[in-house]
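Right, one structure below, let's go through it.
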2 protein chains.
Amino acid sequence: MALTGELSLAIVRLARRLRGRRTSKVVSLTQLSALSTLHHEGPMTPGALALAERVQPPSMTRVIASLSDLGMVRREPHPTDGRQAIVTLAPRGSEVINAELEAREEWLSARLEELSIDDRDTLAAAVPIIKKIIIGGPDDR
Amino acid sequence: MALTGELSLAIVRLARRLRGRRTSKVVSLTQLSALSTLHHEGPMTPGALALAERVQPPSMTRVIASLSDLGMVRREPHPTDGRQAIVTLAPRGSEVINAELEAREEWLSARLEELSIDDRDTLAAAVPIIKKIIIGGPDDR
DNA sequence: TATTGTTATACTCTATAACTATA
DNA sequence: TATAGTTATAGAGTATAACAATA
């Protein structure tokens with residue numbers, strides 16, 4: 001299917017443009033993605049967060065550590081299992097998340113403003129489909 | 001616009017899933033993206049390729065070097081300007097590109113097969129819009 | 001002096017392998 | 001012995017700053 005190749009290239013190129021702009025922002029897109037999952041799904045263990053974000057546990061360990069350093073999340077002991085921990089959105093993380101989600105990418109917002117209403121509608125319709133794709137497939141990459 | 005945040009997260013998460021699978025493939029998505037540009041637009045200088053791919057020149061230097069090592073591209077002297085070079089798709093690069101574009105992401109192809117025809121149509125309609133976004137905005141990131 | 005490209009360096013994101021602590 | 005998580009290490013991808021060569 002030709003769509004596969006076209007979509008792959010479009011996605012990686014747009015992600016490249018979105019990522020480059022780390023400077024002067026409070027959190028990276030990777031960090032924001034994890035915060036957003038905690039916001040939507042509530043406190044969870046590092047393992048569950050890694051699964052939700054579809055990254056390996058060691059990768060999530062680093063993201064959590066960086067967010068903890070920023071005061072965005074807290075690590076709390078698991079009530080019954082000493083091996084696990086519970087990662088919770090801290091007040092600072094809650095404050096930041098919506099503002100960042102909407103305001104972080106002025107660049108993307110400006111690009112979206114330049115589109116026609118039809119184009120924006122198409123993108124809005126594509127977002128849930130992309131989410132389906134992300135969730136689909138094997139967990140073990 | 002809420003779409004900004006939703007779209008950002010969806011894009012970076014899908015890109016993350018697409019990237020992870022470097023193993024057992026001939027070229028990475030970054031390399032494939034550069035090959036694809038050379039395929040569509042013909043031979044060009046490293047600077048022009050960096051601009052087309054929207055990365056900084058030193059980043060493109062590395063991509064070209066890796067593709068050259070793989071025998072996918074050739075560097076030729078510029079006919080009139082000794083500072084510049086011309087990067088050309090080598091036969092090996094041409095052979096690889098279409099097969100890779102369509103076959104590289106079996107994972108994505110399988111996900112697309114699981115969608116409804118309407119969903120695929122929506123994604124297909126979204127691709128050219130995403131391309132518009134990628135091209136838009138300032139070159140100096 | 002301006003432009004093109006490369007080299008040097010560093011940071012983010014992600015992975016796999018090995019290890020620790022607890023169950 | 002199995003599971004959850006961290007530490008150690010590595011590699012891709014990208015950037016900025018400094019440099020060399022040529023115009």
Side-chain angles (χ1 to χ4, degrees), chain A residues 9 11-35 44-70 73 75-87 139-141, chain B residues 9 11-35 44-70 73 75-87 139-141:
Chain A
L9 291 180
I11 294 290
V12 295
R13 285 171 178 161
L14 182 51
R16 179 192 283 159
R17 296 214 74 177
L18 288 175
R19 274 240 154 84
R21 19 194 109 261
R22 301 168 198 112
T23 50
S24 87
K25 293 302 173 180
V26 183
V27 291
S28 74
L29 271 176
T30 295
Q31 293 169 324
L32 188 56
S33 185
L35 287 178
M44 63 181 77
T45 66
L49 191 50
L51 187 62
E53 287 288 314
R54 302 293 182 138
V55 298
Q56 294 300 313
S59 304
M60 189 48 65
T61 293
R62 301 193 66 181
V63 175
I64 293 169
S66 66
L67 287 172
S68 181
D69 287 349
L70 291 168
V73 303
R75 296 175 49 90
E76 293 169 355
H78 191 286
T80 64
D81 187 336
R83 297 170 302 181
Q84 302 187 53
I86 303 290
V87 182
D139 293 345
D140 46 306
R141 329 178 26 169
Chain B
L9 292 179
I11 295 289
V12 296
R13 285 171 178 161
L14 182 51
R16 178 192 285 160
R17 296 214 75 176
L18 289 175
R19 275 240 153 86
R21 15 196 111 262
R22 301 165 198 116
T23 50
S24 85
K25 294 301 175 181
V26 183
V27 291
S28 72
L29 271 175
T30 295
Q31 293 169 323
L32 189 56
S33 186
L35 287 178
M44 63 181 77
T45 65
L49 191 51
L51 187 62
E53 287 286 317
R54 304 291 184 137
V55 297
Q56 294 301 311
S59 303
M60 189 47 65
T61 293
R62 301 190 66 179
V63 175
I64 293 169
S66 67
L67 287 171
S68 182
D69 288 348
L70 291 169
V73 303
R75 297 174 47 92
E76 292 169 355
H78 191 284
T80 64
D81 188 334
R83 296 170 302 182
Q84 302 187 55
I86 303 290
V87 183
D139 293 346
D140 46 303
R141 330 177 25 170

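All figures in this text were calculated on a predicted structure; none of them were measured in a lab. Letters A, B, ... mirror the listed sequences (proteins, then strands); counts begin at 1.
If you take CZ of B:R13 and C1' of C:dC13, they are 15 Å apart, rounded to a whole angstrom. Between B:L29 atom CG and D:dG11 atom P the separation is 20 Å, expressed in whole Å. Taking atom CD of residue B:Q31 and atom P of nucleotide D:dG11, one finds them 15 Å apart after rounding to whole Å. If you take CE of A:M60 and C1' of D:dT7, they are 17 Å apart, rounded to a whole angstrom. As rounded to whole Å, 12 Å separates atom P of D:dA12 from atom CG of B:D69. The nearest whole Å value for the distance from the CD atom in A:Q56 to the P atom in D:dA4 is 14 Å. Taking atom NE2 on A:H78 and atom C1' on D:dT3, their separation rounds to 12 Å, with Å as the unit. A:L32 has its CG atom 16 Å from the P atom of C:dT12, to the nearest Å.
Relative to the side chain of B:S28, the nucleotides D:dG5, D:dG13, C:dT6 differ in distance, and D:dG13 lies closest. Comparing D:dT16, C:dC13, D:dG5 by their closest approach to the side chain of A:R19 singles out C:dC13. Of the candidates D:dG13, C:dA15, D:dT16, C:dA15 carries the atom nearest the A:V55 side chain, counting heavy atoms from C-beta on. Here the nucleotide nearest the side chain of A:Q84, chosen from D:dG5, C:dT14, D:dT16, is D:dG5.
The side-chain contact (heavy atoms from CB on, under 4.5 Å) check on A:P58 picks up A:Q56, with sequence neighbours excluded. Applying the side-chain contact (heavy atoms from CB on, under 4.5 Å) test to A:A52 and every residue at least two apart in sequence or in another chain returns A:T37. A:T61 is linked by a side-chain contact (heavy atoms from CB on, under 4.5 Å) to nothing, counting only residues two or more places apart in sequence or in another chain. Looking at residues two or more places apart in sequence or on another chain, you find a side-chain hydrogen bond (donor to acceptor under 3.5 Å, both in side chains) between B:S33 and A:R13, B:E53. When the side-chain contact (heavy atoms from CB on, under 4.5 Å) test is applied to A:Q84, the partners found at least two apart in sequence or on another chain are A:T45, A:H78, A:D81. Under the rule for a side-chain hydrogen bond (donor to acceptor under 3.5 Å, both in side chains), B:S68 has no partner lying at least two apart in sequence or in another chain. Here B:R62 pairs with nothing under the side-chain hydrogen bond (donor to acceptor under 3.5 Å, both in side chains) rule; sequence neighbours left out.
Across all strands, A:A85 comes closer than 4.0 Å only to sugar-phosphate atoms, never to a base (heavy-atom distances).
Residue A:R62 has no polar side-chain atom (N or O) positioned under 4.0 Å from OP1 or OP2 of C:dT12. A sub-4.0 Å separation between OP1 or OP2 of C:dT14 and a side-chain N or O of A:T30 is present. Contact between the side-chain N/O atoms of A:R75 and the OP1/OP2 oxygens of D:dT6 is found at a separation under 4.0 Å. For B:T61 and C:dT7, the shortest distance from a side-chain N or O to OP1 or OP2 is not below 4.0 Å. Taking side-chain N and O atoms only, B:S59 has a distance below 4.0 Å to OP1 or OP2 of D:dA15.
Across its full length, the helix from C:dT1-D:dA23 to C:dA23-D:dT1 shows an angle of 20° between the axes of its 5 terminal pairs at either end, rounded to 10 degrees.
Checking A:P57 against B:A48, the closest nucleotide of DNA chain C that is more toward the 5' end is the one next to B:A48. Summary of the strand contacts: B:V12 and B:I64 both lie near DNA chain C, and taking for each the nucleotide with the nearest heavy atom, the more 5' one is attributed to B:I64.
Side-chain atoms of A:V87 and A:M60, non-hydrogen and from C-beta on, never get closer than 4.5 Å to each other.
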Where protein sits on nucleotides 17-23 of chain D, one letter per nucleotide: B base, S sugar-phosphate only, - none, heavy atoms under 4.0 Å: B---BBS
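Separation of atoms CZ (A:R17) and CD1 (B:I11) is listed at 13.5 Å; rounding is to 0.5 Å. Of the inter-residue distances, the one linking B:T30 atom OG1 with A:L9 atom CG reads 10.5 Å to the nearest 0.5 angstrom.
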